[in-house]
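First the structure, in the form of structure tokens, and then the observations on it.
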There are 2 protein chains.
Amino acid sequence: MATPLPRDPIADARLNWERHGWSDVAAPMAAITAIMRTQQILLARIEGVLKPFGLTFARYELLALLSFARSGALPMNKASALLQVHPTSVTNAVDRLQGAGLVIRSPHPTDGRTTLIELTQEGRTLAKRATAALNSDVFAQSGFAEQDVDQLIRILGTFRRNAGDFSE
Amino acid sequence: MATPLPRDPIADARLNWERHGWSDVAAPMAAITAIMRTQQILLARIEGVLKPFGLTFARYELLALLSFARSGALPMNKASALLQVHPTSVTNAVDRLQGAGLVIRSPHPTDGRTTLIELTQEGRTLAKRATAALNSDVFAQSGFAEQDVDQLIRILGTFRRNAGDFSE
DNA sequence: TCCAAACCCTTGGATGTCCTAGTATATTGC
DNA sequence: GCAATATACTAGGACATCCAAGGGTTTGGA
């Protein structure tokens with residue numbers, strides 16, 4: 001992985017698709033494969049930046065979400081919905097964040113089924129610092145041209161809406 | 001996740017970024033987050049299609065790669081490089097594919113360090129069937145407009161080249 | 001020639017994701 | 001009011017990914 005390949009493996013896959021008579025779906029196949037690979041690259045960068053803070057991307061996302069909540073607290077099911085991950089993934093993340101003293105679980109005042117996740121002061125501070133690091137080391141150097149960023153937001157926004165992520 | 005959210009959570013995150021004075025990186029943040037979420041949606045679709053074949057995406061990718069190799073066999077390190085995943089991930093995938101009788105390990109004829117992965121007849125057949133299913137159920141209904149597919153291929157291709165995936 | 005460095009693969013451990021199932025609490029409908 | 005249904009969270013298991021470390025094989029320079 002250290003050394004670049006001589007040829008683009010996804011472009012090669014597309015050629016293979018075309019050679020096998022699947023030309024009609026070769027382009028979407030290439031686009032989807034490229035999304036998978038790009039996600040992998042971005043995730044690695046993000047995790048690299050977060051590692052010194054003792055955070056993973058999953059835990060960071062939860063911290064960031066809480067830091068934007070007016071009260072600094074959210075029900076777990078709400079977090080699961082907003083982060084669009086499985087409830088058990090939230091349970092897992094909260095377990096670890098709580099172990100690190102960054103959040104605490106507290107009972108919901110009126111609904112006995114619900115558990116609230118609340119930022120500790122330490123968690124709030126760490127979220128701020130981690131966000132600053134991501135902003136400067138990842139987002140400010142995304143490697144996408146400005147126009148392309150807009151294109152991505154538009155294209156993927158439409159896709160996500162069609163996939164049922166949101167109705168708006 | 002079953003019910004669409006009333007608002008786009010990524011657009012909301014972008015607003016939060018702007019409100020906190022990080023307007024300069026709000027757009028790339030949104031684009032990157034959208035890529036992460038889109039990958040998640042696509043992966044779920046793909047795995048759903050592959051499940052009846054007893055395959056995961058990781059295993060399918062390896063099978064497909066082998067099916068396009070002229071000899072039907074590849075060294076493990078070559079597969080690792082082309083799929084751009086860690087060597088241990090290939091070991092893991094090969095273990096399971098071999099257990100299912102879809103590939104076999106064989107020693108490299110001249111290099112004692114290297115192990116070749118080879119498709120069995122059964123593996124070749126399954127790869128064909130799985131590809132046909134992905135073509136019709138995922139790639140042919142990607143949900144991306146044709147123009148957008150081209151945009152994605154272009155934008156992400158540039159990104160991957162800059163990230164060091166290939167030199168071409 | 002021969003040993004150190006480089007390379008290849010595997011094992012073991014840490015994380016994250018999802019699914020299924022189980023327990024507890026709310027809500028709904030009769 | 002109470003049973004049936006729905007909702008919320010957690011426990012356990014299957015997979016995948018990466019990293020670190022270890023053992024075997026090659027290669028290359030002294």
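In this text the structure is predicted, and so the values were computed from the model without any measurement.
- Applying the side chain to side chain donor-acceptor pair (under 3.5 Å) rule to pairs touching residues 129-141 of chain B yields A:Trp17-B:Asn135, B:Tyr60-B:Thr131, sequence neighbours excluded.
- Along DNA chain D, the nucleotide nearest A:Lys51 and the nucleotide nearest A:Pro87 are compared for position; the residue whose nucleotide lies closer to the 5' end is A:Pro87.
- Look at CG on B:Leu43: it is 10 Å from P on D:dT17, rounded to the nearest Å.
- One finds a salt bridge joining B:Arg37 and A:Asp165 here, because a Lys/Arg side-chain nitrogen approaches an Asp/Glu carboxylate oxygen to under 4.0 Å.
- Map A:Asn92 and B:Met76 each onto its nearest nucleotide of DNA chain C; the residue landing nearer the 5' end is B:Met76.
- The phosphate of D:dT10 (OP1 or OP2) has a side-chain N or O of A:Thr91 nearer than 4.0 angstrom.
- Under 4.0 angstrom from either OP1 or OP2 of D:dT10 there lies at least one side-chain N or O belonging to A:Arg105.
- Side-chain contact of B:Gln151 with B:Arg154: a donor-acceptor pair under 3.5 Å is present, judged by distance alone.
- The closest donor-acceptor contact from the side chain of A:Ser167 to the backbone of B:Pro4 lies at 3.5 Å or more, if one exists at all.
- For the OP1/OP2 pair of D:dC15 and a distance below 4.0 Å, the side-chain nitrogens and oxygens of B:Thr56 include no atom meeting the criterion.
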Could you go through the side chain to side chain contact (heavy atoms under 4.5 Å, CB included) check for B:Ile32 and A:Ile46 one step at a time?
CA-CA 10 Å; B:Ile32 288 173; A:Ile46 291 170; 4.2 Å; yes
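- When each of A:Arg59 and B:Lys78 is assigned the nucleotide of DNA chain C bearing its nearest heavy atom, the one mapping closer to the 5' terminus is B:Lys78.
- The residue A:Asp111 sits close only to the backbone: its heavy atoms come under 4.0 Å of sugar-phosphate atoms, none of a base.
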Are any protein N/O atoms closer than 3.5 Å to N/O atoms in nucleotides 20-24 of chain D? If there are, list each pair with its distance.
none

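- The ring pair (Phe, Tyr, Trp, His ring centres under 6.0 Å) test applied to A:Phe57 returns no partner, not counting sequence neighbours.
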